[in-house]
Q: 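So that we are looking at the same thing, I have put the structure below in structure tokens.
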Amino acid sequence: MKTSWRNASLVASAAAVLVLTTACGQDNGTTGSGSQNVGATAAPGDVGAIGAGAGEGLGADARQPASAPAPAGKLSVSTDAKIGELVTDGTGRTLYRFDADTADPSEATCEADCATAWPPVAADDAIAGEGIDETLLGEVTRADGTRQLTIGGWPAYRYAKDTRAGDVKGQGVGGKWYALAADGRKAGAERPGLATRNDPELGEIVVDRDGMTVYRFLKDVAWPKPVSACTGDCLDKWPVVAPVRADDTKGVEKKGLMSFTRPDGTAQQTIDCWPVHTFAGDKKPGDTNGQGVGGTWYAVAPDGKPVGAPKKK
């Protein structure tokens, strides 16, 4: 699933820059690729541990054993005025995730009465519509043998109290249920300024707050201080990543994580002291259209190395 979330937070500390600059000049190595496994066999959940709202106010009929998961249909990204972008099924119903479940490996723990209040979404006919990355769609086998849709590894559910398209009555129920964002995260949750994701071809790579791939330019310099060779028209295609606080990152190595000021006065983020950019040719989160462009632009690994770049001889 690929939704758009662009704009990194602008924070710069002159003192931090002076201290971290001394860590610049790391080797310009390469990293390998990996893969994401979202399939797993589910185990029965503990109904008593479901939390507030599992079957609350649904009535006697609604507490009968859950039937087979209903089809998902064509998934799409919708926008709620309060929550923001979230995933809806083919009928416009909001899809949710449960904090008691897991995504790696995928495991669905909502069973019995819980599954009546929160019907699981069947994986059989799920289609990736606009804004949805089909590579993030998967499935998990539930305890009863049915196959449940997963998004970014997270099992997907509907909420019985959502009776119309666009309802989001399940958001925050029991402090454990949240609408699904297109990448499997909680819709409406603040995302780190820089984080990582597992790309099916490139492995673990860095993305910005909006989920857009972050790149390095092999002509840039990290030592003795960061200098970017991308100037003028180049910046129209390869916008700089704005400064991000170290505590506003997840999965990215902190060494050499700093910002510097370009000659035009623009502040730019670095990873391992290497200047980083995004690519205007990437239209949705998860796109990697900039990978290998001109033999000089490559996605960035969590340690700042260019993924897939040719090794220095």
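Being a predicted model, the structure only gives us computed values, none of them experimental.
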Q: Take Arg158 and Asp89, measure what salt bridge (Lys or Arg N to Asp or Glu O under 4.0 Å) needs, and give me the verdict at the end.
A: CA-CA 9 Å; Arg158 299 180 181 86; Asp89 66 13; 2.6 Å; yes
Q: Does Asn289 offer a backbone N or O that forms a donor-acceptor pair with the side chain of Asp287 under 3.5 Å?
A: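 No, because the side chain of Asp287 does not come within donor-acceptor range (under 3.5 Å) of the backbone of Asn289.
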Q: Taking the side chain from Glu139 and the backbone from Thr150, do they hold a donor-acceptor pair closer than 3.5 Å?
A: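 Not confirmed, Glu139 side chain does not pair with Thr150 backbone.
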Q: Centroid separation under 6.0 Å, is that true for the rings of Tyr215 and Trp238?
A: yes
Q: Between Trp297 and Phe279, does the ring centre distance come in under 6.0 Å?
A: no
Q: Are Ile205 and Val240 co-members of a hydrophobic cluster defined by side-chain heavy atoms under 4.5 Å apart?
A: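 Looking at the clustering, Ile205 is in a separate group from Val240.
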Q: Name all residues meeting the ring pair (Phe, Tyr, Trp, His ring centres under 6.0 Å) criterion together with Tyr178; count only those two or more places apart in sequence or in a different chain, and write none if there are none.
A: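 With sequence neighbours excluded, Tyr178 shows a ring pair (Phe, Tyr, Trp, His ring centres under 6.0 Å) to no residue whatsoever.
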Q: Report the C-alpha separation of Ser78 and Thr88 in whole Å, then their side-chain angles, then the decisive distance to 0.1 Å, and conclude whether the side chain to side chain donor-acceptor pair (under 3.5 Å) test is met.
A: CA-CA 6 Å; Ser78 300; Thr88 52; 2.9 Å; yes
Q: I need the minimum non-hydrogen distance between Lys305 and Arg216, along with the two atoms involved.
A: CA-NH1, 3.8 Å
Q: Which one of Trp118, Tyr96, Trp177 satisfies the ring-ring contact (aromatic ring centres under 6.0 Å, His included) criterion with Tyr157?
A: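 So, applying the ring-ring contact (aromatic ring centres under 6.0 Å, His included) to Tyr157 and each of Trp118, Tyr96, Trp177, only Trp177 qualifies.
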Q: For atom NZ of Lys250, decide whether the heavy atoms of other residues, nucleotides or ligands shown that lie under 6.0 angstrom number more than 12.
A: no
Q: Asp248 and Arg209: salt bridge (Lys or Arg N to Asp or Glu O under 4.0 Å), yes or no, with the steps?
A: CA-CA 10 Å; Asp248 189 25; Arg209 190 182 303 280; 2.5 Å; yes
Q: Do you know which two heavy atoms are closest between Gln171 and Ala187, and how far apart they sit?
A: NE2-O, 3.4 Å
Q: Between Ala122 and Leu149, which heavy-atom pair has the shortest distance, and what is it?
A: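 Taking every non-hydrogen atom into account, O-CB, 3.8 Å.
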Q: Please say which of Asp272, Asp247, Thr249 ends up in a side-chain hydrogen bond (donor to acceptor under 3.5 Å, both in side chains) with Lys254.
A: Thr249
Q: Show the nearest heavy-atom pair for residues Val221 and Pro275, with the distance to one decimal.
A: O-CD, 3.7 Å
Q: Could you report the tightest heavy-atom contact between Val140 and Ser106, atom names first, then the distance?
A: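 Closest approach of Val140 to Ser106: CG2-O, 3.5 Å.
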Q: Tell me whether the count of non-hydrogen atoms from other residues, nucleotides or ligands lying under 6.0 Å of CG in Asp233 goes above 12.
A: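 Counting neighbours around CG of Asp233, 12 or fewer heavy atoms of other residues, nucleotides or ligands fall under 6.0 Å, so no.
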Q: Between Arg142 and Glu111, is a salt bridge (Lys or Arg N to Asp or Glu O under 4.0 Å) present by the stated rule, with each step listed?
A: CA-CA 9 Å; Arg142 296 176 55 80; Glu111 305 284 351; 3.1 Å; yes
